[in-house]
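Data block below; observations after.
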Amino acid sequence: MKYNFKEIEPKWQTRWEKAKIFNAPDVSDKPKFYGLVEFPYPSGAGMHVGHIKAYSGLEIISRARRMQGYNVLFPIGFDAFGLPAENYAIKTNQHPRVTTDHNIHHFSEQLKSVGFSFDWDRVIDTTDEDYYKWTQWIFLKLFEKGLAYRDKTFVNYCPSCKVVLSNEDSQGGKCDLCGSDVVLKEKEVWYLRITEYADKLLEGLEQVDFPENVRAQEENWIGKSKGAFVNFTIDGAGETLRIYTTRPDTLFGVTFMVMAPEHPLIDKYADKIGNFEAVKAYREECAKKSEFERVNLVKDKTGVRLEGLAAVNPVNGKKIPIFIADYVMMGYGTGAIMAVPGHDQRDYDFAKAFNIDIIEVIKGGDMAVEAYTGDGEMVNSGFLDGLTNKKDSIERMLGFLEEKGIGEAGVQYKMKDWAFNRQRYWGEPIPIIHCPHCGMVGVPYEELPLRLPEVENFKPGEDGESPLAKIDSFVNCTCPKCGGPAKRETDTMPQWAGSSWYFLRYIDPKNDEALADMDKLKYWMPVDWYNGGMEHVTRHMIYSRFWHHFLYDIGAVNTFEPYAKRTTQGLILGSDGTKMSKSRGNVVDPMDVVNAYGADTLRTYVLFMGDYGASSPWSETSVRGCKRFLDRVARLADNLSEETEPTLEAKLHKTIKKVTSDLEEMKFNTAIAAMMALMNDFEAAPKVGKAQFIDFIKLLCPFAPHLTEEIWEMLGGEGFLSTSSWPVYDEKKTIENTVEISVQVNGKPRDVLMIAVDADEAAASEAGLALPKIAKMTEGKRIVKTIYRPGKILNFVVK
RNA sequence: GCGGCUGUGGCGGAAUUGGCAGACGCGCAGGAUUUAGGUUCCUGUGGCAUAACCGUGUGGGUUCAAAUCCCACCAGCCGCACCA
């Protein structure tokens, strides 16, 4: 067969689309399979090879599942709100709606040209008002339940993008959008109370099939710790300074306290602090430091003592000094700590720098050298003295604190509430009205969607104000409660809003009554298999699981966890082994590969290049290797026999077994290798049976669907190969009668032996000893032991 | 510091329930076809002083047998991080 991919690829793409063979019916007798891939942001640059790899994994699984008799939902859509579209609009003076529509069209054409088997009747676009109506609906529900609130605190602000960022979007102190250093800025913004769901997010991880690194990373991000809150009194002020500690057992070792520079109590006692000017100066210095600088000065502890104030250690009544220092963060715990220099290295460093007493309360270390954080016998600790078990000491102390009413057990999370806002145009408007009489009032449900108004200028204000604030006709409104004049919220939602529930909308994309019909949800949910990138673990995965838990609580969905199984794909690196980037000039355009070698080659190559979960470098010559393989398949299709070739039967059935099981583990590289090996066997065999070859092209179909459809048609197959049945292996046929086993002497392989798989030890030994090499090596020696594993090895232990 | 992971030919990578290390592919070498280049096909390809011996980051150990299991290191990657 002439393999003209330029002709056959569009031919089959058109036929598939016309016949709608990849569309999933909502009613079916077949078992369902919901395969999900992370929908793309439709950038103007078009697809990246990374998209191809990310989608190819579940593309293969979904195609195989269809052939295995499943009703498969494999949808695609576009996550199209976001800053790049808006920045592009500002630059080119086009409405983001126009560029977004254009980009979505372009992306769709590209996706189709690769032959992905998406259900194109269920495409969603997060910027479509019929879609974001429901994103706003979910926000209103959160608001109703008190889970969406406004608060004036220190926020992560990107001076370059002029937006407030969530903690998740400013990891490492860098803006996730542009890479600039974020600064802390005091501002009133919207938050979602994700911390309320921290425990559920942890519990849910027990019910799902996530890879260990993903689970660990989520747990780490949530960062639950168990400890205690303890109230220290401030001498003479009648005020308590509340702290959080994970080591209440070390309370007797407390020699000072530290508050975060931003701690509100400082201003309250401004007149009592003798050196308030110095304190103020230190605070200002800290405020100027970027997150990056704060982190990189780990070793140097700085701070200022609050003169005139002292705290009282509640366990022994000792007066201790209070400091402010930037090694204590306002955002964790209570923003104040009890310092135990003997058993915490940071406190130790601070104590050394400020000449503060260090008390040993746990034996085992050397206080002259460093803090001791291990276990040991309690000393200098009153009623805890003599205890050797940390757990006992903590329990005893907690009992004491609770009895005296000076503290109690508590938990803390590293995760903070989700800063849920952007001061930008191209996002979902937050459906809230600010009324001078009624306070914050939700836009009535029947008025949703609250549409984005037309604006002249998409640029954000200099002080981080949304462009929507400049549109009087949008801002000024009447309060739905009292009918008086009121103003609309002008912030929009962050990028992650639309993607936090999109998988639900695929199930019922046109529904006008609900985000999705409950019967349909019950049929399709949960997502059976979700593949995506590691970069979304501490953002999209956490956010969407939170929203889903919430929707479950209000009865809008039927499952607690949205995703039953999660897998991740590795990056495709440039041919130089570094991350693909325009500046390095090592970017590969997938469309160039489609044009030069065909979509089937591209699909096969991205899965053959290495472990699906690991990163591997691009290799143009290896792409050609995959093309050669497909060429050989096309050629062999012309030379088939009507008769089955018996010597190929075991190889074929083994390959069916191997490919079938490899797909389940996403071991695509070895599945392709097995098919290549079978092709080698086919070519070496005297003939290849047509039926045998058909089984082979069925295995290959998910990887190279265009070529295999063409061969199927040529061989007279009925209908589409893509909807035919997956080959079934016969276990009996996978076993070869005669196998080659290794014959060893003292564990070293010396020769090989062809022998029946079911030969017994006596027969095997006899045959093994008859081999000239083995006979020579065992001659004149005593065989102490013979180890025989049928079908594997024969080993003679000699002396 | 905490958490997750990885070290195998010239390269990407197989083999991880202990059982012929290097499947499959790339590259390379030789040959065939071709006016030539490319394509395609065939053969070979871990090292080496080649019947032996040595080889899976290093050093020990268990075993008839170790890339695989155990102990101690070394190197590198990813995520979080002054988290109290």
note = Regarding the side chain of A:D326, the nearest nucleotide among B:rC20, B:rC82, B:rC41 is B:rC82
key: Any strand: nucleotide that pairs with B:rA67 via Watson-Crick or wobble, under 3.5 Å   = none
task = Identify whether any heavy atom of A:D751 sits under 4.0 Å from a base atom; if not, whether one sits that close to sugar-phosphate; answer base, sugar-phosphate or nothing.
result = nothing
key: Atom C1', compared across B:rU43 and B:rA52: separation rounded to whole Å   = 27 Å
key: Span that lies between the C1' atom of B:rC26 and that of B:rA81, in whole angstrom   = 41 Å
task = In whole angstrom, give me the gap between the P atoms of B:rU40 and B:rG25.
result = 13 Å
ask   = NA contact type, A:D611, heavy-atom cut-off 4.0 Å: base, sugar-phosphate, or nothing?
value = sugar-phosphate
remark   = Which of B:rC80, B:rC41, B:rG19 is nearest the side chain of A:K414? It is B:rC80
query = Should the pair A:W496 and A:Y543 be assigned to parallel (<30°), tilted (30 to 60°) or perpendicular (>60°) ring geometry?
reply = tilted
request  = Looking only at side-chain atoms of A:Y332, point me to the closest of B:rG19, B:rA84, B:rA81.
outcome  = B:rA84
ask   = Between A:G333 and A:V214, who's closer to the 5' end of RNA chain B by nearest nucleotide?
value = A:V214
ask   = Between A:F629 and A:M679, is any pair of side-chain heavy atoms under 4.5 Å apart?
value = yes
ask   = Would you say A:Y244 reaches B:rA84's phosphate, i.e. side-chain N/O to OP1/OP2 under 4.0 Å?
value = no
key: Where the chi angle of B:rG9 falls, syn if within 90° of 0 and anti if not   = syn
request  = Please state the C1' separation for the pair B:rU62 and B:rC70 - nearest whole angstrom.
outcome  = 7 Å
key: RNA chain B contacts among residues 658-672 of chain A, heavy-atom distance under 4.0 Å   = A:K667, A:N669, A:T670
ask   = Does the B:rC64 base have a donor-acceptor partner in the side chain of A:N795 within less than 3.5 Å?
value = yes
ask   = A:A673 has a side chain; which of B:rC82, B:rC24, B:rG27 sits nearest to it?
value = B:rC24
Distance-only side-chain donor-acceptor flag, A:S225 / A:Y244, under 3.5 Å = yes
query = NA contact type, A:S615, heavy-atom cut-off 4.0 Å: base, sugar-phosphate, or nothing?
reply = sugar-phosphate
ask   = When you check the gap from the basic side-chain N to the acidic O, do A:D631 and A:R635 get nearer than 4.0 Å?
value = no
task = Using the C1' atom on both, measure B:rA14 against B:rC74 and round to a whole Å.
result = 26 Å
ask   = Which of parallel (below 30°), tilted (30 to 60°) and perpendicular (above 60°) describes A:F354 and A:F323?
value = perpendicular
Length of the line joining A:M541:CE and B:rC80:P, which is rounded to integer Å = 16 Å
message = Reading RNA chain B from 5' onward, which residue's closest nucleotide shows up sooner: A:P617 or A:P749?
response = A:P617
task = Report yes if a donor N or O on one partner sits less than 3.5 Å from an acceptor N or O on the other, where the partners are the side chain of A:K792 and the base of B:rC20; otherwise report no.
result = no
task = Would you indicate whether the side-chain heavy atoms of A:L201 and A:E218 approach each other to under 4.5 Å?
result = no
ask   = Atom NZ of A:K785 to atom P of B:rU63: distance rounded to whole Å?
value = 11 Å
task = Under 4.0 Å between any heavy atoms, over every strand shown, what does A:G625 touch: base, sugar-phosphate, or nothing? Just pick one.
result = sugar-phosphate
message = Say we look at B:rG38 and B:rA49: how far apart would their C1' atoms be, to the nearest angstrom?
response = 41 Å
Side-chain H-bond candidate by donor/acceptor type, A:S170 with A:N156, under 3.5 Å = yes
ask   = A:Y372 side chain to A:E360 main-chain N or O, any donor-acceptor pair under 3.5 Å?
value = no
key: Partner nucleotide, any strand, of B:rG38 [Watson-Crick/G-U, under 3.5 Å]   = none
inquiry  = Just the rounded figure in Å: distance from P of B:rU39 to CZ of A:R632.
reply    = 15 Å
key: Nearest-Å distance once atom P is located in both B:rA66 and B:rG22   = 16 Å
remark   = Out of B:rG3, B:rC20, B:rC24, minimum distance to the side chain of A:A216 belongs to B:rG3
remark   = Closest to the side chain of A:E740, out of B:rC20, B:rG19, B:rG12, is B:rC20
request  = Indicate whether OP1 or OP2 belonging to B:rC54 is found under 4.0 Å from a side-chain N or O atom of A:K748.
outcome  = yes
task = If B:rC73 has a Watson-Crick or G-U wobble mate with both distances under 3.5 Å, name it; if not, just say none.
result = B:rG57
inquiry  = Considering every strand and a 4.0 Å limit on heavy-atom distances, what is the contact class for A:R635: base, sugar-phosphate, or nothing?
reply    = sugar-phosphate
request  = Give a yes/no answer on whether the side chain of A:R628 brings an N or O atom under 4.0 Å of OP1 or OP2 in B:rG27.
outcome  = yes
query = Taking atom types as modelled and ignoring hydrogens, do the side chains of A:N213 and A:Q217 form a donor-acceptor contact shorter than 3.5 angstrom?
reply = no
key: Atom P, compared across B:rC28 and B:rU35: separation rounded to whole Å   = 24 Å
inquiry  = Is it the case that the side chains of A:Y612 and A:S56 hold a donor-acceptor pair, with the cut-off being a distance below 3.5 Å and no angle test?
reply    = no
query = Nearest to the side chain of A:M676, which nucleotide is it out of B:rG19, B:rC24, B:rG13?
reply = B:rC24
Donor-acceptor contact below 3.5 Å, side chain A:N531 vs main chain A:A54 = yes
task = Without swapping roles, check the side chain of A:N795 against the backbone of A:G747 for a donor-acceptor pair under 3.5 Å.
result = yes
message = On the nucleotide B:rC53, are OP1 or OP2 found under 4.0 Å from the side-chain N or O atoms that A:R750 carries?
response = yes
query = Distance only, no hydrogens: is a donor on one side chain within 3.5 Å (strictly under) of an acceptor on the other, for A:Y788 and A:D760?
reply = no
task = For A:N167 and B:rC83, give me the distance from atom CG to atom P, rounded to whole Å.
result = 15 Å
ask   = Does CD in A:E766 sit with more than 12 non-hydrogen atoms of other residues, nucleotides or ligands closer than 6.0 Å?
value = no
inquiry  = Under a 3.5 Å cut-off for both contacts, is B:rG1 paired Watson-Crick or G-U wobble with anything, and if yes, with which nucleotide?
reply    = B:rC80
remark   = Contact check, residues 752-779 of chain A vs RNA chain B, heavy-atom distance under 4.0 Å, returns A:V752, A:K776
Residue A:R346, side-chain heavy atoms: nucleotide from B:rC83, B:rC41, B:rG27 that is nearest = B:rC83
request  = To the nearest Å, give me how far apart OH (A:Y597) and C1' (B:rU39) are.
outcome  = 12 Å
inquiry  = Within residues 567-576 of chain A, which residues have any heavy atom lying less than 4.0 Å from an atom of RNA chain B?
reply    = none
inquiry  = We want to know whether A:T670 and A:D662 form a side-chain donor-acceptor pair, criterion being a heavy-atom distance below 3.5 angstrom.
reply    = yes
ask   = Which whole-number value in Å describes the distance from A:Q744 CD to B:rC64 C1'?
value = 8 Å
inquiry  = Can you tell me the base-pairing partner of B:rC28? Count Watson-Crick or G-U wobble geometry only, both distances below 3.5 Å, and say none if there is no partner.
reply    = B:rG44
Lys/Arg-Asp/Glu bridge criterion (N-O < 4.0 Å) met for A:R566, A:E38 = yes
inquiry  = Check the phosphate of B:rC80 against A:Q171, side-chain N and O only, distance under 4.0 Å to OP1 or OP2. Yes or no?
reply    = yes
ask   = According to the Watson-Crick and G-U wobble definitions, with both distances under 3.5 Å, which nucleotide is paired to B:rA21?
value = none
